[in-house]
**Student:** 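Sharing a structure below in structure tokens format, with a few things to ask.
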Amino acid sequence: MITIALYITIAMVTLAALLNVYRLIRGPDAPDRVLALDTLYINAIALIILLGITLGTRMYLESALLIAVMGFVGTVAMAKYLKRGSVIE
């Protein structure tokens, strides 16, 4: 039962990621694209964690934490760039 739920969840998160890629490409302006990219890395983290649960290993959880940190830094840098025009003062 749990494996069927995992496969259904993986399919739904993959669909959400594909919709985020669509929004990233077709976004009307830059803040929408940054938001789509932020949501895309959150979906990537969810997919990696679901894959780790499915395969029963902890190695994927560590990589999900690394992607979370890098995604946060990237989102902050992009928001700072959109607000000020430069990342580093």
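Throughout, numbering of the chain's residues begins at 1 and tracks the sequence.
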**Student:** Are Leu47 and Ile10 side-chain neighbours, meaning at least one heavy-atom pair lies under 4.5 Å?
**Tutor:** yes
**Student:** Please determine which of Leu19, Leu18, Val13, Leu15 meets the side-chain contact (heavy atoms from CB on, under 4.5 Å) test together with Asn43.
**Tutor:** Val13
**Student:** Got a sec, which pairs hit side chain to side chain donor-acceptor pair (under 3.5 Å) with one end in residues 11-29, sequence neighbours left out?
**Tutor:** none
**Student:** Could you list who else is in Leu35's hydrophobic cluster, with ILVMFWY side chains joined at under 4.5 Å, directly or through other members?
**Tutor:** none
**Student:** Which residues end up grouped with Tyr7 if you chain together Ile, Leu, Val, Met, Phe, Trp and Tyr wherever their side-chain heavy atoms are less than 4.5 Å apart?
**Tutor:** none
**Student:** With rounding to the nearest 0.5 Å, note down the distance linking CG in Leu51 to CD1 in Ile48.
**Tutor:** 8.0 Å
**Student:** Could you tell me which residues satisfy side chain to side chain contact (heavy atoms under 4.5 Å, CB included) with Val21, sequence neighbours excluded, listed by chain and number?
**Tutor:** Ile25, Leu40
**Student:** Report all side-chain donor-acceptor pairs from residues 59-78 shorter than 3.5 Å, counting only partners two or more places apart or in another chain.
**Tutor:**
unit_1: Ser63; atom_1: OG; unit_2: Tyr60; atom_2: O; d: 2.8
unit_1: Thr75; atom_1: OG1; unit_2: Asp38; atom_2: OD1; d: 3.2
unit_1: Thr75; atom_1: OG1; unit_2: Gly71; atom_2: O; d: 2.8

**Student:** So how far is it from Ile49 CD1 to Thr54 OG1, rounded to the nearest 0.5 Å?
**Tutor:** 11.5 Å
**Student:** Who pairs with Ile4 by side chain to side chain contact (heavy atoms under 4.5 Å, CB included), at least two apart in sequence or on another chain?
**Tutor:** Ile8
**Student:** Return yes when atom CD1 of Ile2 has more than 12 non-hydrogen atoms of other residues, nucleotides or ligands closer than 6.0 Å, and no otherwise.
**Tutor:** no
